[in-house]
Amino acid sequence: MKLITAYIQPQRLIEVKQAFYERGIYKMSVTNALGCGQQKGYHETYRGADVEVNLLKKVRIDIAVNEEFVDPTVDAVIEATRTGNIGDGKIFITELVECIRIRTGERGTKAIG
Amino acid sequence: MKLITAYIQPQRLIEVKQAFYERGIYKMSVTNALGCGQQKGYHETYRGADVEVNLLKKVRIDIAVNEEFVDPTVDAVIEATRTGNIGDGKIFITELVECIRIRTGERGTKAIG
Amino acid sequence: MKLITAYIQPQRLIEVKQAFYERGIYKMSVTNALGCGQQKGYHETYRGADVEVNLLKKVRIDIAVNEEFVDPTVDAVIEATRTGNIGDGKIFITELVECIRIRTGERGTKAIG
Amino acid sequence: MKKGKYILAIFLMALPLLFIVPEILAQEDTIKTETTKQEISAEMFTINNTWMLVATLLVFIMHLGFGSLEAGLTRAKNTVNILFKNTSILSIGILTYALIGFGLMYPSNWCIAGWLGWAGLGISAEGANLTRAYNSGYTYWTDFIFQAMFAATAATIVSGAVAERIKLGSFLIFSTIYVAFIYPIYGSWKWGTGWLNTLGFYDFAGSTIVHSVGGWGALAGVILLGPRLGKYVNGNIKPIMGHSMPLATIGVFLLWLGWFGFNGGSVLSADPGSVSLVFVTTTLAAVAGVMGAMLASWVVLKKPDFSMVLNGSLAGLVSITAGANVISPVFSVIVGALAGIMVVFSVILFDKIKIDDPVGAISVHLVCGIWGTLAVGIFSPAHSLGPQVIGIMAAGIFCFSSAFIIFLILKITIGIRVSKKEEMIGLDIGEHGMEAYSGFQIFTSQ
Amino acid sequence: MKKGKYILAIFLMALPLLFIVPEILAQEDTIKTETTKQEISAEMFTINNTWMLVATLLVFIMHLGFGSLEAGLTRAKNTVNILFKNTSILSIGILTYALIGFGLMYPSNWCIAGWLGWAGLGISAEGANLTRAYNSGYTYWTDFIFQAMFAATAATIVSGAVAERIKLGSFLIFSTIYVAFIYPIYGSWKWGTGWLNTLGFYDFAGSTIVHSVGGWGALAGVILLGPRLGKYVNGNIKPIMGHSMPLATIGVFLLWLGWFGFNGGSVLSADPGSVSLVFVTTTLAAVAGVMGAMLASWVVLKKPDFSMVLNGSLAGLVSITAGANVISPVFSVIVGALAGIMVVFSVILFDKIKIDDPVGAISVHLVCGIWGTLAVGIFSPAHSLGPQVIGIMAAGIFCFSSAFIIFLILKITIGIRVSKKEEMIGLDIGEHGMEAYSGFQIFTSQ
Amino acid sequence: MKKGKYILAIFLMALPLLFIVPEILAQEDTIKTETTKQEISAEMFTINNTWMLVATLLVFIMHLGFGSLEAGLTRAKNTVNILFKNTSILSIGILTYALIGFGLMYPSNWCIAGWLGWAGLGISAEGANLTRAYNSGYTYWTDFIFQAMFAATAATIVSGAVAERIKLGSFLIFSTIYVAFIYPIYGSWKWGTGWLNTLGFYDFAGSTIVHSVGGWGALAGVILLGPRLGKYVNGNIKPIMGHSMPLATIGVFLLWLGWFGFNGGSVLSADPGSVSLVFVTTTLAAVAGVMGAMLASWVVLKKPDFSMVLNGSLAGLVSITAGANVISPVFSVIVGALAGIMVVFSVILFDKIKIDDPVGAISVHLVCGIWGTLAVGIFSPAHSLGPQVIGIMAAGIFCFSSAFIIFLILKITIGIRVSKKEEMIGLDIGEHGMEAYSGFQIFTSQ
Ligand SMILES: Nc1ncnc2c1ncn2[C@@H]1O[C@H](COP(=O)(O)OP(=O)(O)O)[C@@H](O)[C@H]1O
Ligand SMILES: Nc1ncnc2c1ncn2[C@@H]1O[C@H](COP(=O)(O)OP(=O)(O)O)[C@@H](O)[C@H]1O
Ligand SMILES: Nc1ncnc2c1ncn2[C@@H]1O[C@H](COP(=O)(O)OP(=O)(O)O)[C@@H](O)[C@H]1O
């Protein structure tokens, strides 16, 4: 089992959900995050002084999947978020040791979906 | 060392803290999250149009523990959150390579608790 | 590749960014979190009754790095946040299996920086 | 529940009073006109009427004050529900008052002398009623609209106390009945020149007639509803913090502003000496209330609790309401300061006995309403304590038991409390299917 | 775009009307003074003037009401932009009104009899204009400032409908022209004693002259702008929720408060009978609007939708504005209740035909403005429907087409819509480089 | 610290002035009554008094305005503290004003002729003082309550400038002394018919007497406190953004609303010509201030900075306050527009010299207060610059040095600044043990 974590542009979340849906991925967790990457940020001014905003708003999506779903999931994210511009985001994958569905107590690959 | 990540119903947080306390687990980190799982969400209406809310509010708890604490922690979460209804939540476990207490610089299993 | 996750005091974020910058670490993701650790919390009173606040505000930083950057990153965090007081925070390291830059599709160690 | 029954019992035992007092007053059955229709100039009449309309505006804005304060002192997940209640009560209150309330409160004929009268259904005015022939201070329409704004206040007071757990429908039914019948009937006893008026009971702008009446309704509601989930756990009080202090502050200041119309308008004319005195006593009581609550909370709670300070100003205002034109400025400081101190202890006390009142409405409106009514007997040379006590008791017996019965019937029939699940998720989503702060992240374990 | 063209076409076809009606009225070319400068005492004049100034204050605070309501019903990322627009429109509106609007609206000479007049550039007053020689109800300065506050309202109405996507600069240009020319010219036809006045058109405080005029501008703007990104996706309506219901509620209550000055001040004196009647009809229409919208939304949407209830009160208020002093209290309840029901269906309908109006301004101000103007013809015995319909059509033709042309020219030249990227990020950062809620976490996928 | 000493030095050198001027004026030692107690009718007296009471209400609501604005322009973690300060200052201000301030400001006997007088402790009124025998415009009580609301304003101005870092206790002590002694003594020099009045100094509603007096206190406080942590880092200015623009906007509009009472009430009667003129000049200066600040910020900062626009309206209002009844409407536009431009540069300038004023209080109240006082000398034909300059300098010397000394003593003794840790966590938790927005996620690295 793998845990896929993607940082994307906030406005792409709807497209990601759509892309997941088409591939039969129904479960995920979403968090607000601030990101600092190749994207340069922008300048705000407040009362005459410059504010450098280099932590940009991102949305973080976590999806736990069984091995066979890793590629479809990654593809779905890429398809839904790639614009070719800096700031499109990144995907990280880590190994998942265990997964437990609290309601039933099921464990492992059965619990994930 | 393992990192245990649980997504639970927000209102169960107090019970989880209580259950941890009883088992001598005192450390954790908590984040707001939105979750999409078997739970269907609900419908809001706003000014006559339907809003489908399928990202439900969840609380994410991260607990880094030594091996012998994995089972008690998982049990505590399950005990405190299981109602048998859809939406109870899920627990994910990943391998933790290292843990460092910033204050003292301690590393590994000593640092975790 | 490793994923470094640090929970720090919110007001130290600026120093951490500075310390990263000096070491050529430019990418990270930041999230709000509530933490429960050795730090005791404080007491609020509201309308005569005591409120025990033991979930303190923390900032969580995630940095994905290649192996050779692990130590500099950890050092940077420690340097910027250690005051020797309880509540300084903790650093967790997990193994990263894969990293993908959405914009280009690059994978692995090239994609991380 | 047990506590509720005890309190009910006490009141029931006091009930016979209601039958004794009228006997004493039986000889008195003609209606006296309180305001002498003296000959005044068209100019003076116009000024008076204009001031009364400005006062009406001020009382109107109190409804926004109540809504903001109550929303600010409760959780974000119940905000829409609270604002909805306040908006709809204002509407229901004014409509029912137009239909029957006004007629019940200012009767032209008594059915039961001094106890129950009637002036007819609906409102209507022709020629003379729009001139100084009607009254030296205002036209018929001004009279109605000023009174109507008052009426809606009483029900709104209940709203804060029962917040975060009451079913919307049940609350609306309760409010409708309370504003349509209970408030005007009690009001007619004094302001409608009924038996309490004959007795010498004095309540200038409604410490009892408006605030306590609302407060008794609140107490009945809270007892029957029980505390919010998670408020009292294993014998410990777990405070549930309000979600927006700025909103609560806006509420308090608007209430304070409105009070100048509430009290100032109760002069029923623009008489310079009286209205300016009322402004001074009202202000001084409010600021003294702030200081009283500030010091009391600093001493007792070791911190200057801001929510207590907010309540302190309202406590001062409620307490001066009964005697704003008969209590001297110096005494108004004392009355207000004591109210401010009182409200701090009262809030703590009600919490101790597990009467869960999220906004402190019972402490502010009931406790300080009683105190203010008594204060007239203490600090005004022209009045004595006796009638004041009777007036207070009459309100307690009549309003609390009526409210209790209405809520009880609702509880037995359609239920008054939302489901546990809905209370957890919040009434905004549960009852209205919408959120107050869409897009904001709110830490939702609360 | 297509829809816009159809609507435009209809109006263009009706355009000849503009040339026919004046013919009928050609014989009429002297200006009548509406208010008789009867001999009144200095005292009465002072009261009248004081009331008019208080009414001015009340209309002023409506601008905060508009700002709060519009900000509350839109997303957090566009809040600064909306508040900025409201603040600057008020300023631009008053300055241009001082410069040319006042002169255009209350002409001393007609260039085209009954259609276009002029009283000179700027404002100025000497001796007699500051006494009852000017008018029995107010001084020249009072006259100006009361009217100026009104003028700014019309442009503000547009602001809400075009929110979250319009370019700041273009909007400011539009508003300046609209307030400087369109609003006062249409206004002169009636309040400046022009041809609509001669015809017997009746609009007491501006259901048409202010609210519909604003509403037509809003409709033109919305058609040319198109809906917000993500509002209509694959034929589905995706609601975009407002970010703060408390802010919206504050806005509505302040508007309601201000309306007492808007309608009450339109009596143009403190006459007790008239002003108090206006207070009663205004209040009753508003509360009936609340009830109407509450019931309609409960029945149609199955939930008591709070944002609809808020709009309901405004709907009631807009609808009574044309006849607040000639419609009886009982009828005002009916007018308001129907407006409240109407606004619910209107909001749903406009959404269906993809007219994206974030705050419901078109439904509230245009639809209910028309309804209120018609209501005068229906419920006031002294008035008939004919002139009302002509007045409404005149507003539709003149204001909609003017607004459409102004917006069209702006669209072709400097553009009226922000870039897709800016709309995503929000106009606060895009246009102003700052956030409304710094530090707050707002879930930003919206 | 160094800067503070320089400024102090300049003022100390100017101190001898205080001893020279009185010499010139020594011949003048009887108190003149400013308002002629002409024979007016009871009706006129009632209107006047009613208007003065309405003006009192309006000044009252300015306190909510100040609280909202200051809270909006600072961070969420200090919100409760700011609101607490504003609420308690209002209370302390009114109580001390009742006790000694009123007596010091409107002396019946001079101890030092024209410089220090006294009318006795506390407030009290009998028969004649409640009629037109006291004054043609208001009763004794009205007089007091109107003045008391003003007094509290001066201290509130300081509050915003020292926000986010001052110790609550120290601030309350400072405010008490400032409102009880400094404000009324300076006020007595002009409004109490002291030496500045004799000299021909003109300050209609308090550009100097209220706003600059507050501004000087603010400047002294800011110098001694030093900037907030993280504001100036390595020579760079790091803006600390306000947490709620809607709250700030509500604040500004309420202040603006209140200003109609502040200036309009300073006519001290309801005189139609004067009050309506004051309304027009006040409005025009405010809207011109908005435009000035909008254009200045658009040009200088390349973006229309909304917080500057908000300050611009206040700048316009402060600047017209001294001459609202003697500056013509056209000139009021100029005065306001210049104030609006000035405030933008002033805010930037103070930031440059590391005077950290979170809400721009010094720029708005001090800088524009001075400008407005000078403007009377420039734009009013009846006044000359000389006395205006002396009045301004007298305020500078007396108020700044008094404030500086009070703050200095507090700094040396109990300290005026919270600990670094408390400043980090926020004063809400540090001083009050509670949060303003419980449940909301606020990104807390700020
Ligand atoms: N090494 C990293 N560690 C943690 N988060 C990262 C890292 N690299 C990128 N991110 C996250 O991904 C987001 C997008 O990265 P960015 O470099 O802007 O994308 P792109 O590579 O498409 O230009 C960042 O804002 C940040 O939140
Ligand atoms: N595969 C997954 N990947 C990421 N998050 C998940 C996954 N499955 C569940 N979750 C998280 O857990 C929450 C609860 O899941 P849900 O399926 O509703 O629980 P249950 O299995 O008890 O019905 C979800 O809302 C989501 O936040
Ligand atoms: N075992 C753990 N699991 C998850 N989070 C932890 C753990 N230990 C510490 N943390 C996080 O780190 C933060 C700092 O920990 P704390 O114990 O207060 O630091 P210190 O060790 O310096 O006293 C906590 O508030 C919590 O968010």
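Order of the sequence lines sets the chain letters (A, B, ...), proteins ahead of strands, with each chain counted from 1. The structure presented is a predicted model; accordingly, all values stated were derived computationally and were not measured. For the numbers below, each heavy atom of this structure counts, side chains included, while hydrogens, waters and symmetry mates do not.
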What's the spacing between C:R60 CZ and A:L34 CG if we round to 0.5 Å?
13.5 Å
Segment of C:D62 engaging chain A (4.5 angstrom heavy-atom cut-off):
side chain
Rounded to the nearest 0.5 Å, what's the gap from OG1 on A:T94 to CD on C:E98? Could you check?
11.5 Å
So salt bridge (charged side-chain N to carboxylate O under 4.0 Å, His left out) across residues 28-37 of chain C, not counting sequence neighbours, yields none
Chain A: which of C:A64, C:G105, C:A111, C:C99 shares the most heavy-atom pairs with it under 4.5 Å?
C:C99
Give, as side chain, backbone, both or neither, the part of A:I8 having an atom under 4.5 angstrom from any heavy atom of chain C.
side chain
Once you round to the nearest 0.5 Å, how far does NZ of A:K90 lie from CD of C:E106?
9.0 Å
Engaged part of A:V74 at the chain C interface, taking heavy atoms whose separation is under 4.5 Å:
side chain
Would you compute the distance between atom OG1 of C:T31 and atom OH of A:Y7 and round it to the nearest 0.5 angstrom?
5.5 Å
Determine whether C:I102 and A:I91 satisfy the following criterion, side chain to side chain contact (heavy atoms under 4.5 Å, CB included), listing intermediate values before the conclusion.
CA-CA 7 Å; C:I102 293 174; A:I91 303 172; 3.9 Å; yes
Here the side chain to side chain donor-acceptor pair (under 3.5 Å) pairs for residues 73-83 of chain A, sequence neighbours left out, are A:R23-A:E79, A:T83-A:N85, A:T83-A:D88
Contacting moiety of C:L13, where chain A heavy atoms sit under 4.5 Å:
side chain
